[in-house]
Amino acid sequence: MPAPQGARAPGPEDGAGQRSRPHDFRRAAEQSTVPATPPPPASSARFPDAPPAGSAPTADAANRPGGGPSGAAADAPPRPAEAPRRTAPPEESRTETTTRLRPVRDEAPTGWTPASSSSRRSVGALDQALGTRPGRPYITFARPETYHPETHDGTRSRPSRPRALVAATCVVLGLGLIGGAVTGSWLIPDADADGDRGSFAAAGQLWHSVPVDQLFPRTLDGEGAGPGGADRTWTRIAVAPDTGCEDAFDPLLRKALSPVGCLRLLRATYTDATRSHVTTVGLLFTTADSAAMASLQSRFEREGLDRRTDLMPLPYAARGTVADRFGADQRASWTLSVLTDAPVVVYAVSGFADGRTVTEPEPAAEAMKSGATTAPAQSGLGHEAQGLADRVERGFRKTVASPGDQAS
């Protein structure tokens with residue numbers, strides 16, 4: 001009888017194993033109906049390749065035919081050789097290889113540790129840690145105001161107590177300094193004022209303590225003192241004895257000078273290099289103080305007393321000299337100066353040596369003006385009077401300023 005289609009005819013190689021084939025077919029059918037266990041996932045940090053060593057077999061493996069711990073497993077087909085177990089990498093070198101979503105661990109930036117709240121890092125350290133370009137500007141903010149001068153309700157707030165104390169201290173110190181300065185000015189005498197008063201009084205005594213050659217030098221140089229800036233040289237030809245003021249001035253001039261008194265009068269007469277002009281220079285030492293001298297000077301300037309022809313000084317006409325004929329009618333020009341830093345009146349009067357009469361005398365200030373056509377101006381007698389008076393006054397001031405040079 002032929003074998004059914006699809007069945008293999010028994011062969012000699014089956015032998016005794018023919019009795020067990022139906023059993024093998026049934027076991028294969030049962031294995032085909034049992035779902036296969038899926039392979040383990042790939043190696044990762046969370047799922048290793050195989051269960052830990054020594055773990056118990058699962059329930060499915062125990063219930064499988066031939067899967068128990070007994071020798072029945074000998075009938076099961078051989079299982080493939082197990083792959084060698086991998087060792088999990090260290091924690092810091094693990095990398096995620098699956099596509100499953102897992103929480104990400106918070107990790108600090110590499111190379112930088114956040115500073116504590118109580119510490120501060122420099123700008124250079126922050127730039128190095130964050131990898132920024134060096135030289136990043138460092139920005140600071142101004143210190144906030146501790147109070148606002150105007151409050152919300154419109155009233156002005158009061159200053160703080162320390163500031164009020166500082167302001168009060170400054171006010172007290174300022175008042176103390178001012179009060180001390182005022183008190184010192186009351187208690188300490190003015191050294192400059194005392195010096196001026198001493199100098200003023202000393203100048204009034206020079207008439208009898210200074211040699212005549214120092215008050216009236218034998219020769220005086222007048223560089224640029226002549227008309228047009230020409231040089232002049234004057235030579236002393238006579239010195240009058242020191243006297244009072246009775247015969248030295250016209251009556252009106254003597255009356256004008258009376259408020260300051262007359263202590264002593266010193267006079268000398270000079271002539272120019274041509275011996276055609278003669279000039280008398282005088283120093284009137286008064287008995288007045290500085291206030292009286294200042295008052296007299298103010299009156300002369302205010303009323304023009306030094307320009308009046310009826311208030312001219314008289315000359316000293318020394319007998320036997322070129323000034324022998326120098327009288328009141330020969331006066332051509334004059335100048336008069338009231339000093340305020342010394343009790344002295346300085347004057348000078350000039351004329352012609354040949355004794356000619358001058359009908360229209362002119363003050364030196366007027367005769368020295370450019371373009372003046374009067375006889376005193378044309379002859380240069382205004383320059384003679386002003387030049388000699390200036391140099392005698394200059395020498396007198398120098399003597400006052402240098403008391404050590406005085407000779408008794």
Between [atom1] on residue [X] and [atom2] on residue [Y], distance to nearest 0.5 Å:
{"X": "Phe216", "Y": "Arg236", "atom1": "CZ", "atom2": "CZ", "answer": "9.0 Å"}
{"X": "Phe326", "Y": "Thr271", "atom1": "CZ", "atom2": "OG1", "answer": "10.5 Å"}
{"X": "Leu220", "Y": "Asp390", "atom1": "CG", "atom2": "CG", "answer": "11.5 Å"}
{"X": "Ser379", "Y": "Phe352", "atom1": "OG", "atom2": "CZ", "answer": "3.5 Å"}
{"X": "Thr287", "Y": "Arg264", "atom1": "OG1", "atom2": "CZ", "answer": "13.0 Å"}
{"X": "Leu336", "Y": "Met312", "atom1": "CG", "atom2": "CE", "answer": "12.0 Å"}

Are side-chain heavy atoms of [X] and [Y] found at a separation under 4.5 Å?
{"X": "Leu283", "Y": "Val345", "result": "no"}
{"X": "Tyr270", "Y": "Glu384", "result": "no"}
{"X": "Leu215", "Y": "Val392", "result": "no"}
{"X": "Val281", "Y": "Tyr347", "result": "no"}
{"X": "Asp329", "Y": "Val358", "result": "no"}
{"X": "Gln214", "Y": "Thr399", "result": "yes"}
{"X": "Thr235", "Y": "Arg218", "result": "no"}
{"X": "Met368", "Y": "Gln386", "result": "yes"}

Enclosure of [X] [atom1] (heavy-atom neighbours >12, cutoff 6.0 Å):
{"X": "Glu223", "atom1": "CD", "result": "no"}
{"X": "Asp310", "atom1": "CG", "result": "yes"}
{"X": "Arg302", "atom1": "CZ", "result": "yes"}

Donor-acceptor pair, side chain of [X] and main chain of [Y], under 3.5 angstrom:
{"X": "Glu303", "Y": "Phe300", "value": "no"}
{"X": "Thr269", "Y": "Tyr316", "value": "yes"}
{"X": "Arg391", "Y": "Asp221", "value": "yes"}
{"X": "Thr233", "Y": "Ala273", "value": "no"}
{"X": "Glu360", "Y": "Pro376", "value": "no"}
{"X": "Thr321", "Y": "Ala318", "value": "yes"}
{"X": "Arg331", "Y": "Ala328", "value": "yes"}

Quiz prompt | Ion pair check, Asp272 and Arg232, cut-off under 4.0 Å | solution =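 Salt bridge flag = no for Arg232 with Asp272.
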Quiz item: Any Lys/Arg nitrogen of Arg267 or Asp242 sitting under 4.0 Å from an Asp/Glu carboxylate oxygen of the other?
Solution: no
Shortest non-hydrogen separation from [X] to [Y] and the atoms involved:
{"X": "Asp324", "Y": "Ala317", "answer": "O-CB, 3.9 Å"}
{"X": "Pro343", "Y": "Ala288", "answer": "CB-O, 3.8 Å"}
{"X": "Phe200", "Y": "Ser290", "answer": "CZ-N, 3.4 Å"}
{"X": "Ser337", "Y": "Glu393", "answer": "OG-OE1, 4.2 Å"}
{"X": "Cys245", "Y": "Leu265", "answer": "SG-CB, 4.5 Å"}
{"X": "Gly351", "Y": "Leu381", "answer": "O-CD2, 3.7 Å"}

Quiz item: Does the salt bridge (Lys or Arg N to Asp or Glu O under 4.0 Å) test come out yes or no for Arg299 and Asp306, once each step is laid out?
Solution: CA-CA 10 Å; Arg299 181 189 175 192; Asp306 55 345; over 6 Å; no
Practice problem: I would like to know whether Leu339 and Arg397 meet side chain to side chain contact (heavy atoms under 4.5 Å, CB included); could you show each step before the answer? | Solution: CA-CA 10 Å; Leu339 306 185; Arg397 291 182 182 276; 3.3 Å; yes
Quiz prompt | Thr309/Leu311 under side chain to side chain contact (heavy atoms under 4.5 Å, CB included): CA gap, chis, key distance, verdict | solution = CA-CA 5 Å; Thr309 56; Leu311 295 176; over 6 Å; no
Exercise. Start with the C-alpha gap between Thr374 and Glu362, add the side-chain angles, then the distance that decides, and say whether side chain to side chain donor-acceptor pair (under 3.5 Å) holds.
Key: CA-CA 8 Å; Thr374 61; Glu362 188 175 29; 2.4 Å; yes
Show me the side-chain donor-acceptor pairs of residues 254-262 shorter than 3.5 Å, one per line, residues at least two apart or across chains.
| from | atom 1 | to | atom 2 | distance (Å) |
| --- | --- | --- | --- | --- |
| Arg254 | NH1 | Glu246 | O | 2.9 |
| Arg254 | NH1 | Phe249 | O | 3.1 |
| Ser258 | OG | Lys255 | O | 2.6 |

